[in-house]
Amino acid sequence: MLDIKFIRENSDAVKEALINRQAEADVDGLLELDLLRRAAITEAEELKTERNAASKKIGALMKEGNKAEAEAAKESVRTLGDRISVLDEQVREIDEKIRNIILYIPNLPSDTTPVGQTEEDNPILRSVGEKKTFDFEVKPHWDIAEELKLVDFERGAKITGSGFPVYMGQGAKLQRALISFMLDLHTSEHGYTEVEPPFVCNADSMTGTGQLPKFSEDMYHIADGELYLIPTAEVPLTNLYREEIIDVETPLKVAAYTPCFRREAGAAGRDNRGLLRLHQFDKVEMVNFVKPEESAEQHEILIGEAENVLQRLGLHYRVIELCTADLGFSAAKCYDIELWAPGVERWLEVSSVSNFGDYQARRARIRFRDENGKPQFVHTLNGSGVALPRLVVALLENNQNADGTVTLPEALRPYMSGLERLG
RNA sequence: GGAGAGGUGGCAGAGUGGUCGAAUGCGCCGGUCUUGAAAACCGGAGAGCCGCAAGGUUCCGGGGGUUCGAAUCCCUCCCUCUCCGCCA
């Protein structure tokens, strides 16, 4: 959420940012409401001042037993009260309208975010490793997974629906191994506190991180109560400290494994075969809470932590930066990490590392005390560390052998009971 | 799921219609004292909103109501605790 004061004083900058994002919002309408709101508040508060003084006087009159005068005073205060009720109601209505606009306004892109029209305009920042060459015909991961009985897509579709794969045998163990490997790396080397949060969150939490109200259609909603299946651990992790004043003298870093649930309406098709796009998938997520002046630097550290996962696994990846048109709703700046998958011959996004500035903190009221003891909004950042399915795709496709087996990276073997190859 | 108790400032905990944004203790910040620290003593200190400011206003779990006036009375929702039931 943007600061209404900021919008008031920088409406041109906000409009320009919306254009760069190819987003729309009624900024002028918002400013008009803001004006009305402040006028109503000012009038209501003046009347309240009067009423408070009058009520105090009535108290004094009652005490000295001057009933007649007290009754007369009551009568006049009552009409004041009626007017105050009307104004308070007005303010409530205007607040509601303002909220309905401002909650739909995306974050301002950072000054350093490149302006662009489409994802084609996302600059590639760096590429690490190289494309492997094969002296046999490479298979796509769905063939490998089927032959080695790692994933059962059909039974997943039967028991739940398409996009809900069942991992079995070594495939299931690989999921568990990857989760443990990544969490161990982040907790023992990157300074994270491991968290196991709920996998469903309430509407306040979803609003705090920006999923609601705009993206309700992307989530699974539990009919019984206002609960949603989490689309990412970012939601419970960030909302851990919603409505709290926390200590961020050093960055507060939490990491969690959770399944993630996404409706992905209309996403089925050729481009999304196998494990490329799912309704339920596993992910390890990292969330940081930092002082505002540290968030840019922390963003670079965070992307490094995510990259470290891929380096340890020996995978070829590249880092791109999202341009204004491709930037997520709540993010001010975002890097994506993409893995090369030779079977499907595509770059696959496995991590999105974002700096949200104070956008989420303002929505979720997450603050810290500055050097003067005054509460200020923190900056939040998060990054996938990393998402499993496409990581598995890259591992299977890059490490496949002519004999149909798949070599496991050394870093994973301790988590696979010493196994060196799948199959 | 049933019955009961309760939700007040960073924490503990008073307050049952007006002088209460709220006693007291702990913790915190500043000062005195001390070589330094502790102790003791003195002083300070909640958050949001409106306002250039002075200042005003709102907030005692959330929402609604009664009243001239609500932390205090009523309704409702949420949460916590205790006991019972059930259960991995």
Side-chain angles (χ1 to χ4, degrees), chain A residues 1-10 30-103 196-208 212 222-228 236 239-249 252 289 358-378:
Chain A
M1 187 164 69
L2 299 183
D3 183 2
I4 184 84
K5 280 184 205 143
F6 179 88
I7 300 174
R8 196 187 298 153
E9 289 156 17
N10 303 276
L30 182 68
L31 293 177
E32 216 166 290
L33 287 167
D34 176 51
L35 224 52
L36 287 175
R37 172 177 180 271
R38 286 184 291 149
I41 286 176
T42 302
E43 189 185 346
E45 291 192 350
E46 277 167 10
L47 295 179
K48 283 175 183 174
T49 307
E50 256 182 78
R51 181 177 67 182
N52 287 344
S55 290
K56 209 167 253 185
K57 211 175 289 171
I58 290 170
L61 287 172
M62 297 292 274
K63 193 163 257 180
E64 59 192 50
N66 194 339
K67 286 230 168 102
E69 212 170 307
E71 287 304 322
K74 277 189 194 181
E75 192 54 44
S76 71
V77 176
R78 199 170 292 141
T79 57
L80 259 184
D82 291 345
R83 175 68 186 153
I84 289 170
S85 297
V86 171
L87 287 167
D88 278 350
E89 181 56 30
Q90 263 178 34
V91 172
R92 253 197 304 280
E93 283 170 15
I94 297 170
D95 274 343
E96 174 84 21
K97 285 181 189 165
I98 287 177
R99 210 174 144 71
N100 278 333
I101 296 175
I102 208 166
L103 284 180
E196 182 174 310
F199 300 159
V200 289
C201 281
N202 58 33
D204 282 345
S205 293
M206 290 299 174
T207 305
L212 287 179
I222 297 177
D224 181 20
E226 274 300 298
L227 296 176
Y228 299 82
N239 280 283
L240 276 174
Y241 301 110
R242 174 157 51 82
E243 283 156 62
E244 292 192 33
I245 295 177
I246 57 175
D247 180 5
V248 291
E249 204 39 55
L252 177 51
F289 304 85
D358 64 6
Y359 187 88
Q360 289 183 324
R362 179 170 282 108
R363 278 181 171 242
R365 294 177 299 287
I366 305 169
R367 295 174 295 173
F368 73 106
R369 288 195 188 276
D370 65 17
E371 57 278 14
N372 300 316
K374 285 287 147 203
Q376 307 280 356
F377 292 114
V378 301

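Hydrogens, waters and symmetry mates play no part in the numbers below; they use all other heavy atoms, side chains included. In what follows, chains are A, B, ... by sequence order, proteins preceding strands, each numbered from 1.
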*Asks:* Just checking Glu196(A): does its CD atom have more than 12 heavy atoms from other residues, nucleotides or ligands closer to it than 6.0 angstrom?
*Replies:*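 No - once you tally the heavy atoms of other residues, nucleotides and ligands closer than 6.0 Å, there are 12 at most.
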
*Asks:* What does G46(B) pair with, Watson-Crick or G-U, if both distances are under 3.5 Å?
*Replies:*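 When the pairing criteria are applied, C59(B) turns out to be the nucleotide that pairs with G46(B).
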
*Asks:* Taking A5(B) as the reference, what is the distance to C87(B) when you measure between their C1' atoms (whole Å, please)?
*Replies:*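 It works out to 25 Å between them.
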
*Asks:* So which nucleotide does A5(B) pair with, by the Watson-Crick or G-U wobble rule with both distances under 3.5 Å?
*Replies:*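 The base-pairing partner of A5(B), which may sit in any strand shown, is U80(B).
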
*Asks:* If we take the C1' atom in both G63(B) and G7(B), what is their distance in whole Å?
*Replies:*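 Their C1' atoms lie roughly 16 Å apart.
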
*Asks:* So which one's nearest nucleotide on RNA chain B is more toward 5', Asn52(A) or Ile245(A)?
*Replies:*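 Taking each residue's closest nucleotide, the earlier one in sequence belongs to Ile245(A).
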
*Asks:* Do Thr79(A) and Asp82(A) pair up side chain to side chain, a donor and an acceptor below 3.5 Å, judged on atom types alone?
*Replies:*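 No, Asp82(A) and Thr79(A) have no side-chain donor paired with an acceptor closer than 3.5 Å.
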
*Asks:* Write down the distance separating the P atoms in G31(B) and A37(B), rounded off to the nearest Å.
*Replies:*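 After rounding to an integer number of Å, I get 10 Å for this pair.
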
*Asks:* Do any of residues 92-100 of chain A sit with a heavy atom less than 4.0 Å from RNA chain B, and if so which?
*Replies:*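 Per residue number, the list reads Arg92(A).
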
*Asks:* Counting only heavy atoms not in Arg8(A), do more than 12 fall under 6.0 Å of its CZ?
*Replies:*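 Yes, the 6.0 Å shell around CZ holds more than 12 heavy atoms from other groups.
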
*Asks:* Can you tell me how far C1' in C77(B) sits from the matching atom in U24(B), rounded to whole Å?
*Replies:*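 That atom pair is separated by 33 Å.
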
*Asks:* Is any side-chain heavy atom of Ile102(A) closer than 4.5 Å to one of Ile7(A)?
*Replies:*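 The answer is yes, as the side chains (C-beta and beyond) meet within the 4.5 Å cut-off.
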
*Asks:* With rounding to whole Å, what would you report as the distance between U67(B) and G51(B) at their P atoms?
*Replies:*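 After rounding to an integer number of Å, I get 33 Å for this pair.
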
*Asks:* Short question: side chain of Ser76(A), backbone of Ala73(A) - any donor-acceptor pair under 3.5 Å?
*Replies:*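 At least one qualifying donor-acceptor pair exists.
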
*Asks:* Roughly how far apart, to the nearest Å, are G46(B) and A54(B) at atom C1'?
*Replies:*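 Between the two C1' atoms, the distance is 22 Å.
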
*Asks:* Is there a side-chain contact between Arg37(A) and Lys97(A) in this structure, where contact means two heavy atoms from C-beta onward sitting under 4.5 Å apart?
*Replies:*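 Heavy-atom side-chain distance check fails, nothing below 4.5 Å.
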
*Asks:* Is there a side-chain contact between Val378(A) and Tyr241(A), using heavy atoms and a 4.5 Å cut-off?
*Replies:*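 When only atoms from C-beta onward are counted, Tyr241(A) and Val378(A) do not touch, as no gap falls below 4.5 Å.
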
*Asks:* Using only atom types and a distance under 3.5 Å, with no angle test, would you say the side chain of Asp358(A) pairs donor to acceptor with the backbone of Arg362(A)?
*Replies:*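 Absent.
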
*Asks:* What is the nucleic acid contact for Arg365(A), judged by heavy atoms within less than 4.0 Å: base, sugar-phosphate only, or nothing?
*Replies:*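 Here Arg365(A) touches no strand at all.
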
*Asks:* Go nucleotide by nucleotide along RNA chain B from the 5' end; which of Arg369(A) and Lys56(A) gets its closest nucleotide reached first?
*Replies:*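 Whichever sits nearer the 5' end wins; that is Lys56(A).
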
*Asks:* Taking the P atom in each of G48(B) and G44(B), what is the distance between them to the nearest angstrom?
*Replies:*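 Roughly 22 Å separates the two P atoms.
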
*Asks:* Heavy atoms only, 4.0 Å cut-off, all strands: where does Ile58(A) land among base, sugar-phosphate and nothing?
*Replies:*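 Base, at least one base atom sits under 4.0 Å.
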
*Asks:* May I ask which nucleotide in the shown strands pairs with U72(B), Watson-Crick or G-U wobble, both distances under 3.5 Å?
*Replies:*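 Checking every strand shown, U72(B) finds no partner, since no pair has both distances under 3.5 Å.
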
*Asks:* Go ahead and name the base partner of U34(B); Watson-Crick or wobble counts if both distances stay under 3.5 Å, otherwise write none.
*Replies:*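 Partner of U34(B): none found under 3.5 Å.
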
*Asks:* What verdict does the salt bridge (charged side-chain N to carboxylate O under 4.0 Å, His left out) test give for Glu89(A) and Arg92(A), after you've listed the backbone C-alpha separation in whole Å, the side-chain angles of each residue and the deciding distance to 0.1 Å?
*Replies:* CA-CA 5 Å; Glu89(A) 181 56 30; Arg92(A) 253 197 304 280; 2.7 Å; yes

*Asks:* Going 5' to 3' on RNA chain B, which nucleotide is the first and which the last to come under 4.0 Å of a heavy atom in chain A?
*Replies:*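 Boundary nucleotides touching chain A, in 5' to 3' order, are G18(B) to G69(B).
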
*Asks:* Please tell me if the side chains of Asp88(A) and Lys48(A) come closer than 4.5 Å, counting only heavy atoms from C-beta onward.
*Replies:*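 A side-chain contact under 4.5 Å exists here.
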
*Asks:* Just checking Glu93(A): does its CD atom have more than 12 heavy atoms from other residues, nucleotides or ligands closer to it than 6.0 angstrom?
*Replies:*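 Enclosed: over 12 neighbouring heavy atoms sit under 6.0 Å from CD of Glu93(A).
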
*Asks:* Looking at Glu244(A), I want to see if its CD is surrounded by more than 12 non-hydrogen atoms of other residues, nucleotides or ligands under 6.0 Å.
*Replies:*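 Atom CD in Glu244(A) is packed in, count exceeds 12.
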
*Asks:* Go through residues 75-91 of chain A and report each residue with a non-hydrogen atom lying under 4.0 Å from RNA chain B, sorted by number.
*Replies:*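 Nucleic-acid contacts, sorted: Val77(A), Arg78(A).
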
*Asks:* Rounding to an integer number of angstrom, what distance separates G15(B) and C60(B) when you compare their C1' atoms?
*Replies:*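 Their C1' atoms lie roughly 11 Å apart.
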
